[in-house]
Structures are given as structure tokens and as C-alpha cells.
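For reference, the structure is listed below as C-alpha cells.
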Protein chains: 2
Amino acid sequence: MNNEKTNILLVEDDANLGSLLQEYLSAKGYNTKLATNGKEGFDLFCKQDFDLCLLDVMMPVKDGLTLAKEIRVNNKVVPIIFLTAKSMKEDTLEGFNAGADDYITKPFSMEELLVRIQAVLRRSSKQLSGNTEQAEFGVGVYKFNSDKQLLDYNGATQKLTTKEAALLRLLCIHKNDILDRNFALKSIWHDDNYFNGRSMDVYIAKLRKYLKDDAKVEIINIHGKGFKLLVNS
Amino acid sequence: MNNEKTNILLVEDDANLGSLLQEYLSAKGYNTKLATNGKEGFDLFCKQDFDLCLLDVMMPVKDGLTLAKEIRVNNKVVPIIFLTAKSMKEDTLEGFNAGADDYITKPFSMEELLVRIQAVLRRSSKQLSGNTEQAEFGVGVYKFNSDKQLLDYNGATQKLTTKEAALLRLLCIHKNDILDRNFALKSIWHDDNYFNGRSMDVYIAKLRKYLKDDAKVEIINIHGKGFKLLVNS
DNA sequence: CCCCCCGTTTAACTTTTTTTAACAGCATCT
DNA sequence: AGATGCTGTTAAAAAAAGTTAAACGGGGGG
């Protein structure tokens, strides 16, 4: 997981709508470059790698469909979403043929656009990077693999049960930070009732036993909030 | 590229619309299976490999969102398109979170649906074309051919029975990932009752014996969920 | 046609994992 | 300090999975 912002190329000839969208997307954490026609859009596209293109279909100088085709010549994978004024089917069809990944009809809500952007990005990220769910955790002198449900220490290997591993995994993800009781209950037990809460306490006790050989490792309780896996370095 | 027809799972509770769509899609060259609620839909999904799922959101017995989540547990790549009666934003958002690839609002034209189907299929084939029907699997030091039902290791060859091979095949497809109990039961036994569950446990034991000569290969149980074929590389 | 063989299911028993229960201890607030 | 609600711990009951062997049942050879 890298920390870089997602880069979006927005090509929209209506200056008002354009800057509105740009601001909204920036507020949502996307790095957005704006062009006001297809020609400008293509210039920008050539200068930088984008993660997503939002193209208005109806534009002066060079329309969105033409731009999309040009982009596709150079990049077969970058997601493209069309903004279309009319819901004419021919447009839609042509758009998809030009290699669009989605289209959205004006007028649309910001929220709707955001949802579609996220969906398209999720697809494209699924495509490329193999999902990176961390499985190996270092916990003081121990090494924990949540996939294999194994806790290694000094050559010895302790097999963990499914629930033990799931809970330790959450603690590791939140290492030196608080793991909220209800959050843990909902993600592992899918329900935060009284008995599941007690069950979780039982598992905390088990984990403490497994981890007792390293004094630097400790699971402390935050009264009324949850637990914290402390690892002193 | 093989010549087989594209298989579509259509789940729609309105019988009229359902069969209409089925006929239309068949006319367009798609092989379409129809279910009228989420439960039926999941049963069909377990029994066959589909290239695309078309799910109505509002359905009795089990709704489309729930079904989509279940499908996603077992198959992270098959494209899902929702058919939604209302254009409610919450639905849309929830749908995408459930792993949808697109959604289409009723009423829609057949042509519009077809365009979206083609777009989604184009994307998914772009993703990883060499999909499915794999017969040869490497499992640590073993080589497993699910068509021939043979497990080779170090020159020796172990003949597998039909059920042994089917189960090992599912485990291989989900290698290093969880194979859901119910999914396996429905795929292989077509019914997930108590006795079939015990039968499956018996077969897990058999497979463990066959695979015991490679310490890097292990079938672990995920309590209450299913099994995971671990292969250390 | 009957019987045997083989894959599969059912059964019975064991072990492991998880949940529930009970009680003791501790935190926080008044 | 006393009341109340959380947490720690241990043991039991319950549920799920591991294992082994006998029962079942369909197809092929005698």
C-alpha cells in the first residue's frame, strides 16, 4: 500500500462544473488535473500518469469520444468514465466501444460520481496489484503468521486456533494502538452481544499465555474501550 | 480463446422479466441460467462456473446484496451487475461495497443491458483471460491432474476417486485461501446437510494422508468456515 | 442372475475448538 | 466505603472436526 494520491484527469468544457468537480474531488483526497477540451486533455494525459480519466462527451475542439480513443491507443488499462449530457443510447454504445469503463449521465450527484469512481478504481487496482493483506507480523521476539495461524518463537512453533489467530491479527494491525472492543467483536464474531464479549475475554487470556515469554510484549486492557498490544522496543 | 458460450447467472424474482431476459440473452448467444431468488441463485452458482452474474436487488427469501456477498466470498473475480428497481443512492453504494461491477436501473432497455454486459465482460477478460477449467495443479512436490484424477509424486502415481479429485480440485483453486464449507458441499454434493458435511470431513482426512509426504503442504481447518490448502513456497 | 468390488455414506467414538457459566478481582463514580 | 459495571480466570458444556471402521449400493465379471 503506497501513500501517493490518486491522480485523476478531468476534462470538462463547462468551467463552472469543471472547477466544482475539481474542488470536490480534491476534498475527497484525489489529485485532480482539469482540462477544458479534448486537445488540452490529451496534452495533460501525455505529461503525466493518471489513475483515472473523467471525460465529458460533448466538448469543443475535440470531443470526449475522440479523446478516449486517443488515450486508448496509448494506454489500454487506465479507467475511463464518460460524463454525458444526454442519455442517448448511441452515445453510450459508442462510448463503451471507445473503451469506456463506465458512464454517468448529467445531471448527477457528487456522491453518485464518487461511488462510481471508487468502484472503477477498485476494479483496476484488483486487476493490477495482487491484494496485499498482511499476513506476517513481528511481535517482540515472536513471529506471527495469520494465514498459517502459527506463532513462532525461538525455533518452537505454536499452532493457533482460528479465533486465536483472528484476534491476534487484529491486535497486531493496531499494535501499540487501541483495538476497540466492539470493532473486534463485529469483525470476528459478527455480533457484539454479552456472551461474545466474554468469549473474547477468554481468548485475550489465551493470547496472554502464549505471549508471556517476552516481557516486552503485553496485552493491556483499556477499561470500557478495548485492548492494546504493547510492544516495547 | 475457446469457443464455449459465455455463461450468465440471472437471478430475478419477476418471472415475466426473468424469462424475457433469459430469452433475449440466449438469442444474443449467451447461455443463461435463471433463478427466482437469492437462495436458488446461490445453489446454481455453486454448481457451475459462470462468467457473469445479473442479480436483482429486491428479492424474497434472499436479496441480491446478500447473494453478491456470498458469491464474493467464493469468487473474487466473477463480474456482478445489479438490477435495481429504484435508483436509491444507498442501494447503489451498498451494491458497490458488496463487490458489484456495475448496476442498471429499471426500467432499462434490452440494448442498454447488452451494452453493459459486453463492457463488463470486456473488462473481466482483460483482467485475466486464461481463466477456469484448469486441470493441472502443482501442490508442493505433488502434481495433481483433476481430469485424470491422478496425484503424482516422485515417480509414484496415486489414483484418486471422483470425490477425492473434486475436493482436491476445489482446494487447489482456492490454494492458500479459504474454501468455504457450504460452497464445497453445494458444488460437489449439491446439498449441505449434516451427513454430507461428515462425508466431506472423511475426504479431507483421506487427502491429508495422500499429501502427508510434503511437510510444506497442509490442509488446515478454519473453524466454522471451511478448509485452507496451505502450500509454503 | 448373483456376488464381489469399489467408491461412498453412515455410524460411533475421540479430540479440538468455541461458547457459556460461575466466581473473583478491579476500576470508576458517588 | 459501597455500588455497579468491566475484566481475569478457570472449568463445564456444547459444537465442530478428526478418525476409523462398518454398512450401503451400483456396476462389472463370473
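Keep in mind that what you see is a predicted model, and the values were worked out from it rather than measured. A note on names: the letters A, B, ... follow the listed sequences, proteins ahead of strands, and every chain is numbered from 1.
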Is it the case that the side chain of B:Asn221 and the backbone of B:Gly226 share a donor-acceptor pair, with hydrogens and angles ignored and the cut-off at 3.5 Å?
yes
Here the distance between atom C1' of D:dT20 and atom CD1 of B:Ile204, to the nearest Å, is 17 Å
Any base atoms under 4.0 Å from B:Tyr194, or only sugar-phosphate, or nothing? Heavy atoms, all strands. nothing
Winner on side-chain proximity to A:Ala205, out of D:dT9, D:dA17, D:dT7, is D:dT9
| query | Got a salt bridge between A:Asp177 and A:Lys228, using NZ or NE/NH1/NH2 to carboxylate O under 4.0 Å? | reply | no
Got a donor-acceptor contact below 3.5 angstrom from the A:Ser26 side chain to the A:Gln22 backbone?
yes
#### Entry: Ionic contact status for B:Arg181 with B:Asp201, cut-off 4.0 Å
yes
Whole-Å distance, B:Lys209 NZ to D:dT19 P, equals 8 Å
A:Ile222 atom CD1 is separated from C:dC26 atom P, nearest whole Å, by 18 Å
Rounded to whole Å, the CG-P distance (B:Asn221 to D:dA16) equals 12 Å
Atom NZ of A:Lys225 and atom C1' of C:dA27 are separated, to the nearest Å, by 13 Å
Of the listed D:dG18, C:dA27, D:dT9, the closest approach to the A:His223 side chain comes from C:dA27
In whole angstroms, the gap separating P of D:dA16 from CD1 of B:Ile220 amounts to 19 Å
Separation of D:dA17 atom C1' from B:Leu207 atom CG, nearest Å, is 15 Å
Item to complete: Verify, without hydrogens or angle tests, whether B:Ser187 (side chain) and B:Phe183 (backbone) share a donor-acceptor contact under 3.5 angstrom.
Response: yes
Identify all pairs in which a protein N or O lies below 3.5 Å from an N or O of nucleotides 19-21 of chain C, and state each distance.
from   : atom 1 : to       : atom 2 : distance (Å)
C:dT19 : OP1    : A:Trp189 : NE1    : 3.4
C:dT19 : OP2    : A:Trp189 : NE1    : 2.9
C:dT19 : OP2    : A:Ser199 : OG     : 3.0

Between B:Gln149 (side chain) and B:Ser146 (backbone), is there a donor-acceptor pair under 3.5 Å? no
Assert: residue with more 5' nearest nucleotide on DNA chain C, out of A:Thr162 and B:Thr161, is B:Thr161
Note to self: Any salt bridge linking A:Arg169 with A:Glu164? Criterion: basic side-chain nitrogen under 4.0 Å from a carboxylate oxygen.
What the structure shows: no
From CG of B:Asp180 across to P of D:dA17 the rounded distance in Å is 11 Å
